[in-house]
Structures are given as C-alpha cells and as structure tokens.
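The structure under discussion appears below in the form of structure tokens.
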Amino acid sequence: MRIATWNVNSILPRLPRVLEWLGQTGTDVLCVQELKNTTEAFPVEPVRELGYEVAAYGLGRWNGVAILSKAGLEDVTRGLTGEPRFDGAAEARAIGATCGGVRVWSVYVPNGREPENPHYAYKLEWLAALRATVAAELGAERPFAVLGDFNVAPDDADVWDITAFAGSTHVTPPERAALAALRETGLADVFPRPLKYDHPFTYWDYRAGNFPNNRGMRIDLVYGNAAFTGAVTDSYVDREARKGKGPSDHAPVVVDLAL
DNA sequence: ATGTCGCTATGTTAGCGA
C-alpha cells in the first residue's frame, strides 16, 4: 500500500496536478491539506473517476483537509476531540478515516504566526488536542498514522539555516515538545529519503527563489505506530512535484508499506 | 530573505494569510 500526504495550497487550482500525480504514482491513500474551500466545493467527481473515494472537510477560504482512498474509506471522523477554536470559530484542520485496515489522520496544524501572537498559543492547544485524540484511538494491533502539515520542524536540521529562524515559530522548544508528547503516545517519525541533496525538505516558500536554492523546511510529517512503521518499505519526498507550472509550495511525502 | 501565490470583499486593486 502506498500512502502519501500533500499540502496542495488550494485544491481547485491544483486539481490538474493532483490528478496527474495520483495517476503517475498509483498512490492508494492521499491525505490532503489546505483545501481552501468548503466540503461541498470539493471536486469529488474527477477524483472518483480515478477510482478514489473522498472524505473532505472544509469550512471556507482557509484550511480544509481531506482523505482520498482507493483502499476503502470507513469510520470518517471530522475534527479532534476537544479541538480548540480560534477567535471563536471552528476550523477544518483534521479528518480521520480507516482505509484498508489502516487508521489515518490528515492534519493541518495551525501556523502560529509569531510566538507573541494568540495563534501561537492556539497552535500549542491544538497539538495537545491532537495528542489526546490520538491517545484515545491508538491500539497496538491496528496500523495507525497521523500525516500532514505539522508546521513544526522537529530538528534544527529540518530548516535550511537555523540562524534565520531566531525568534520565529516552527522551531521553538514548546512546539517541539508538543511533537515529542505526540510521539510519546507510541508514534515514530517515518523519515523520508530526499531525492536530491542531503536532507529532505517538504516546503519551500514561493518567494525569493527559495526552491531552486533549496531554502526549505521539513514540516510535512508522517507519525506512525509500530504496526505502521514496521511495515514501511520505503519513504521519500517527491520534490519533482514542487517543480514546473503551478505547483503547491509543498511537496508530497510518500510512504510505501508491506500491507 | 520577504522577490509569490490564492482567496475574498472593500471587488478590476487592496489586504490578508502562509
């Protein structure tokens, strides 16, 4: 089974590339983030024509997550248990489903903006709710993984230049501690191969030639339990999908499993 | 580092988020 995660930065303008990529890679289960649209506006038909079932969760112009599967799609859950709101509003940042016996969550963790911004406290609260939701669902038997845009670089090596991140979100100790607490429920980082350079980045800002200069970050992650990681045969970042006309600013992370 | 992209309303350009 091939499972992947991809922040597409709006599903409608990205649809041609997503469809082409699904056809090329034969991905069985794709976790999508940043739909930037409502559940109802998700382009279900063209995805269905490729053989995928779709579970989408979008509330408007921001956020939005989905799971596309041709391995079955059951027990869909929208939102986290005890999920915090921001500025009084619910946001569509998490969706879970069981696909061919594997429980997957597609998550889009809040950005945090700046450490002083209320969005940063919201980010930490959101990660705590993710941990609680995961802890309640985890079992030893069933393969389980949380995939998505975590908006946290787990290690200094996961950004192109740690000195450029002084005072910034994505690298602060509380954010990294929240990831560590998530792993402590029984999950491990499925570390992908880079297809180029020494270190796998998954996101490069559109501006300033960041992609050609490889000024990237590894913030799109796959956290799996032992039943999941024990079945992994390969994992890589498909940086080819960041190239060319009209790409997302994120590349997909692909995981192959002997399941 | 802030050079781009996508979205919406204030609407054919500005402001916001990332």
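Naming: A, B, ... by sequence-line order, numbering from 1 per chain. Side-chain atoms are counted along with the backbone in the values below, which use heavy atoms only and exclude waters and symmetry mates.
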Inset, instruction - Determine, using ring centers only, whether Y197(A) and H199(A) are less than 6.0 Å apart. - result: no
Legend entry - Distance, C1' atom - from dG11(B) to dC16(B), rounded to whole angstrom: 15 Å
Inset, instruction - For L35(A) and for N210(A), find the nucleotide of DNA chain B with the closest heavy atom, then tell me which residue's nucleotide is more 5'. - result: N210(A)
Inset, instruction - Run the salt-bridge test on D156(A) and R176(A) with the 4.0 Å N-O cut-off and return the result as yes or no. - result: yes
Inset, instruction - Look at the aromatic rings of F211(A) and W204(A) and report parallel, tilted or perpendicular, splitting at 30° and 60°. - result: perpendicular
Inset, instruction - Summarise protein proximity over nucleotides 10-18 of chain B in one line of letters, 5' to 3': B for base, S for sugar-phosphate only, - for none, counting protein heavy atoms closer than 4.0 Å. - result: -----BBSB
Legend entry - Spacing between I11(A) atom CD1 and dC5(B) atom C1', to the nearest angstrom: 16 Å
Legend entry - Nearest-angstrom distance from the residue atom CZ of R215(A) to P of dT4(B): 13 Å
Legend entry - Touch class at under 4.0 angstrom, heavy-atom based, for W204(A) against every strand present: nothing
Legend entry - E240(A)/K243(A) salt bridge by N-O under 4.0 Å criterion: yes
Inset, instruction - Mind telling me if dT12(B) is syn or anti? Syn here is a glycosidic angle within 90° of 0. - result: syn
Legend entry - Nucleotide dC5(B), atom P - distance to CZ of F211(A) in whole Å: 14 Å
Inset, instruction - Verify whether one side chain among K36(A) and N9(A) offers a donor that lies under 3.5 Å from an acceptor in the other. - result: yes
Inset, instruction - Would you mind checking if D189(A) and R183(A) are paired as a salt bridge, meaning a charged N to carboxylate O distance below 4.0 Å? - result: no
Legend entry - Atom P, compared across dT10(B) and dG3(B): separation rounded to whole Å: 27 Å
Inset, instruction - Output yes when at least one side-chain N/O atom of S10(A) is less than 4.0 Å from OP1 or OP2 of dC7(B), else no. - result: yes
Inset, instruction - Using the P atom on both, measure dA1(B) against dT13(B) and round to a whole Å. - result: 33 Å
Legend entry - P spacing across the pair dG6(B) / dT2(B), given as an integer number of angstrom: 22 Å
Legend entry - Electrostatic pair R2(A):D28(A) at N-O distance under 4.0 angstrom: no
